[in-house]
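Here the structure comes first, spelled out in structure tokens, and everything after it is commentary.
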There are 2 protein chains.
Amino acid sequence: MEQLFSTLFEHIEEKAQLTDKEKVLIKGFFKFKKLRRRQYLLQEGDMCKYISFVSQGLMKSYTIDDKGTEHINLFAWEGWWISDFASFIFGNEAKLNIDTVENTILLLLSRENYEKMLTEIPVMERYFRILYQNSLATKDNRLISAHTHTAEEKYALFLDTYPAISQRLPQNLIASYLGLTPETISRIKRKMVKANT
Amino acid sequence: MEQLFSTLFEHIEEKAQLTDKEKVLIKGFFKFKKLRRRQYLLQEGDMCKYISFVSQGLMKSYTIDDKGTEHINLFAWEGWWISDFASFIFGNEAKLNIDTVENTILLLLSRENYEKMLTEIPVMERYFRILYQNSLATKDNRLISAHTHTAEEKYALFLDTYPAISQRLPQNLIASYLGLTPETISRIKRKMVKANT
DNA sequence: CCCAGATCAAAAAATAGGATTGATCTAAAT
DNA sequence: ATTTAGATCAATCCTATTTTTTGATCTGGG
């Protein structure tokens, strides 16, 4: 119970200092949620009522095209937030699906508690400002990479950027994230292995 | 789309007559939900905002004890309703978990629409009265059986009472429903086969 | 016209879910 | 005290589902 917040506090304290009093307050704003592997947190068309902090586990958010293919938008593991932001902020229907890749424990923050927390604990303004700023910056990277790199480069870059998480992901999900087919990844791998021997 | 309501209308019309006008009205009160195999509909601690009619598929509701063992409360297949009734009616936190055994299509009825439907379509009062009355009666059966029958009798009775659904359930779930271990069921089966040869 | 990568179909490999078996253990009923 | 029904634990087996790989063929942009 206690320990589930430690990931969150560590994460916050990378960006802003917290007093013990603040920590106690913060805890009060969150709800727990445990999800088994491959469970939905959010489906397209639902309202996204929470932003969720991953305390343990691994999730993905994605869209599904007309052909039924998943396009992964984001992976979130320990220390990441995940939600359909447009739906959470503006209250419209979610365009994203979110589900778990591994069994996951989440800390949920409702819109109401989010606002409350920001007014009652001003240092959290700073935390979220930095958080958003960072994710905006990486989102740009992602778009640039999509255009300028070959399949092999994208894959190598992914392994390089997220070595730990690559281990935890089946490679068809990596493919979906990179906008490639699983077959392509498989062939790239074979080529890479050969090149190394 | 149309056809998803046919199970519901058939089920209602076993208990009360409906005009075409009423059918159109009724449709308006429901939302669809599609769930893959092994997905949650409801978790302990959530609010149960809907009662759900199973249009296709198979679900279970259950509690989890301190040791992490599931105790199945109810199976619901085509033509059954499922929910955490206490949570739906009184608005407290759900004590039950509900998830799918097979891919399932549900018709969801919110508390608000439930009330509306009952006032706007009085014949539905009769439908639900009979429905509740019947489930109360079977619940008694269940309790009696738990005390008075041996494992073998319980299992045989289950197969006999729900021959069709037994086919669709893995036997560890039947075990959990009957308050037995999977091993015990396995041994009973072996015994029964022997006895028949 | 070439080539990176997609698409389609099938097969192979890896995992996960379920069922079975044997070996104890326990509590209630004789 | 002893029997017995059924639980518990651990290991193994079987089967279904997921994931990866492979080969063959197609496609659109440079």
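Order of the sequence lines sets the chain letters (A, B, ...), proteins ahead of strands, with each chain counted from 1.
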How many Å lie between [atom1] on [X] and [atom2] on [N], as a whole number?
{"X": "Leu178(A)", "N": "dA6(C)", "atom1": "CG", "atom2": "P", "result": "10 Å"}
{"X": "Arg168(B)", "N": "dG18(C)", "atom1": "CZ", "atom2": "C1'", "result": "19 Å"}
{"X": "Arg38(B)", "N": "dT15(C)", "atom1": "CZ", "atom2": "C1'", "result": "13 Å"}
{"X": "Glu153(A)", "N": "dG5(C)", "atom1": "CD", "atom2": "C1'", "result": "14 Å"}
{"X": "Glu152(B)", "N": "dA7(D)", "atom1": "CD", "atom2": "C1'", "result": "17 Å"}
{"X": "His149(A)", "N": "dG5(C)", "atom1": "NE2", "atom2": "C1'", "result": "17 Å"}
{"X": "Lys154(A)", "N": "dA4(C)", "atom1": "NZ", "atom2": "P", "result": "14 Å"}
{"X": "Lys191(B)", "N": "dT20(C)", "atom1": "NZ", "atom2": "C1'", "result": "16 Å"}

Quiz item: Does any pair with a residue in residues 82-98 of chain A pass salt bridge (charged side-chain N to carboxylate O under 4.0 Å, His left out), and if so which ones, sequence neighbours excluded?
Solution: none

Quiz prompt | By salt bridge (charged side-chain N to carboxylate O under 4.0 Å, His left out) - contacts of Glu125(A) (at least two apart) | solution = none

Quiz prompt | Aromatic ring pairing Phe85(B)/Tyr132(B), orientation class (parallel under 30°, perpendicular over 60°, tilted between) | solution = perpendicular

Quiz item: Where does the angle between the aromatic ring planes of His11(A) and Tyr127(A) fall among parallel (under 30°), tilted (30 to 60°) and perpendicular (over 60°)?
Solution: perpendicular

Quiz item: Do you know which of Lys34(B), Arg37(B), Arg168(B) makes salt bridge (Lys or Arg N to Asp or Glu O under 4.0 Å) with Glu102(B)?
Solution: Arg168(B)

Exercise. Sugar-phosphate means primed atoms, P, OP1 and OP2; the rest is base. With that split, encode nucleotides 20-30 of chain D 5' to 3' as B, S or - using protein heavy atoms under 4.0 Å.
Key: SBBBB------

Exercise. Check whether any side-chain N or O of Thr181(A) sits under 4.0 Å from OP1 or OP2 of dG5(C), and answer yes or no.
Key: no

Practice problem: Kindly say if Thr184(A) contacts the phosphate of dG5(C), meaning a side-chain N or O under 4.0 Å from OP1 or OP2. | Solution: no

Quiz prompt | Phe88(A) ring center near Tyr50(A) ring center (under 6.0 Å) | solution = no

